[in-house]
2 protein chains.
Amino acid sequence: MTTPKTGSKRNTPQKAAVKHALGEAKGFVSAQQLHQTLKNHGSTIGLATVYRTLADLAVAGEADSLQSKDSEVLYRACTTSHHHHLICRECGLTLEIEAEKLEKWADQVAKERGFSQPSHNIDIFGICAACQ
Amino acid sequence: MTTPKTGSKRNTPQKAAVKHALGEAKGFVSAQQLHQTLKNHGSTIGLATVYRTLADLAVAGEADSLQSKDSEVLYRACTTSHHHHLICRECGLTLEIEAEKLEKWADQVAKERGFSQPSHNIDIFGICAACQ
DNA sequence: GTCTTATTGAGAATGTTTGTCAATAAGCCC
DNA sequence: GGGCTTATTGACAAACATTCTCAATAAGAC
């Protein structure tokens, strides 16, 4: 009762492995894909652990998440600064885009209509030069 | 072989019912919600039919679709012209937004990086005046 | 009315994601 | 190093939305 101890995360080899694998991936990958990759490399990590770790990374701002067309969630390692993505529909190649103008525009539109706590979802898709 | 007959859609009471119910809904609704609403009104429509009809409407441009946080797809009746949405996270109230500038910006960003066939996903969320 | 075939509805099947829970091991104090 | 507490793990089951299957129905055309 005397020790709330709310925020005590532990460092485990599993978390490190997920983080590393996410860093190796070029574009966005699903939890399932990442789990398969890890197992192919000899890891015995559980699927649930991959899901949990990715969700934690997303909350911590160390990964971006995105909904694919097939209703699965895709993750990608990223810098902590806010940005958007230009994604190839063919190969998944992803470029980060800075768009300060856009941020301001979105926030302004929300405020003009009386909406508070604005947030937005902006992603651009296309076919990259290599895939054409 | 002599009759391709690829595009022969039939008009059924079920399709009309889904279309009507979608029009009645204020904001975005899921296929499950719509199915429930229809059943509550006495319809015996099947869940699969609701899904199929909504998918058709989305393809035909008569409905907008959107991925919610809970990984379900939400639909909304709309005009055929291209637009985006400002959505209340609390009550689901939805306003349509015209943003020609934005369209051009998105297409330009894609072309600058060598991407063809650009498309984009832009939605703004917030808490509407009534919900604050 | 008859015929063709798109459509329907009930349930099974799929696939992702989350929950459960006993077993394990990370961090800490001695 | 040894022991303790408890966050974490992994295997599996469960929840969930969505799609598939297929016999039965009915829309549209003649």
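Computation of the quantities below employed the complete heavy-atom set of this structure, encompassing side-chain atoms and omitting hydrogens, waters and symmetry-equivalent molecules. In what follows, chains are A, B, ... by sequence order, proteins preceding strands, each numbered from 1.
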Under 3.5 Å, side-chain donor or acceptor atoms of residues 124-132 of chain A against the rest of the protein: list the pairs with distances, not counting sequence neighbours.
unit_1   : atom_1 : unit_2   : atom_2 : d
A/Gln132 : OE1    : B/Ser116 : OG     : 3.4
A/Gln132 : NE2    : A/Ile127 : O      : 3.1
A/Gln132 : NE2    : B/Gly114 : O      : 3.0
A/Gln132 : NE2    : B/Ser116 : OG     : 3.4

side-chain contact (heavy atoms from CB on, under 4.5 Å) against B/Leu47, all qualifying residues, sequence neighbours excluded: B/Gln32, B/His35, B/Tyr51
Main-chain N/O of A/Lys39 paired with A/Ser43 side-chain donor or acceptor, under 3.5 Å: no
Angle between terminal axes - the helix from C/dG1-D/dC30 to C/dC30-D/dG1, 5 pairs each end, rounded to 10°: 40°
Nearest-neighbour nucleotide for the A/Pro13 side chain, D/dA26, D/dT18, C/dA26 considered: C/dA26
Sugar-phosphate, base or nothing in reach of A/Leu47, heavy atoms under 4.0 Å: base
Pairwise 5' ranking along DNA chain C for A/Ala55 and B/Gly46, keeping only the more 5' one: B/Gly46
Stretch residues 60-72 of chain A: residues that reach within less than 4.0 Å of DNA chain D through a heavy atom: none
Ring centre gap for B/His120 and A/His84 strictly below 6.0 Å: no
Between C/dT8 (C1') and B/His35 (NE2): distance, integer Å: 12 Å
Whole-Å gap separating C1' (C/dT5) and CG (B/Asn11): 15 Å
Length of the line joining A/Tyr75:OH and C/dT16:C1', which is rounded to integer Å: 11 Å
Interface residues of residues 14-33 of chain A with DNA chain D (non-hydrogen, below 4.0 angstrom): A/Gln14, A/Lys15
Which atom of A/Val109 lies closest to which atom of B/Leu86, heavy atoms considered: O-CD2, 4.1 Å
Whether A/Thr49 side chain and A/Ile45 backbone form a donor-acceptor pair below 3.5 Å: no
Heavy-atom donor-acceptor pair, A/Arg76 side chain to A/Gly23 backbone, under 3.5 Å: no
Distance, nearest 0.5 Å, that separates SG of A/Cys88 from CZ of B/Arg113: 14.0 Å
Residues B/Lys19, B/Glu24: salt bridge by 4.0 Å N-O rule: no
Which residue lies more 5' along DNA chain C, comparing B/Val50 with A/Thr12 via nearest heavy atoms: B/Val50
d(CD1, B/Ile45; P, C/dT7) in whole Å: 14 Å
Side-chain N,O (A/Tyr51) to OP1/OP2 (C/dT18) below 4.0 Å: no
Same apolar cluster (I L V M F W Y, side chains within < 4.5 Å links), B/Trp105/B/Ile97: yes
Phosphate OP1/OP2 of C/dG9 contacted by B/Thr49 side-chain N/O (<4.0 Å): yes
Nucleotide D/dA17, atom C1' - distance to CG of B/Leu34 in whole Å: 15 Å
Integer-rounded Å distance: D/dA17 P and B/Arg52 CZ: 18 Å
Nearest-angstrom distance from the residue atom NZ of A/Lys9 to C1' of D/dT9: 15 Å
Of the listed nucleotides C/dT17, D/dT5, C/dG11, the one nearest the side chain of A/Arg10: D/dT5
Within 6.0 Å of NE2 in A/His20, more than 12 heavy atoms from elsewhere: no
Protein-nucleotide distance (B/Leu74, atom CG; D/dC16, atom P), rounded to Å: 17 Å
Sequence-distant partners of B/Val29, side-chain contact (heavy atoms from CB on, under 4.5 Å), two or more places apart: B/Leu22, B/Ala25, B/Gln33, B/Leu34
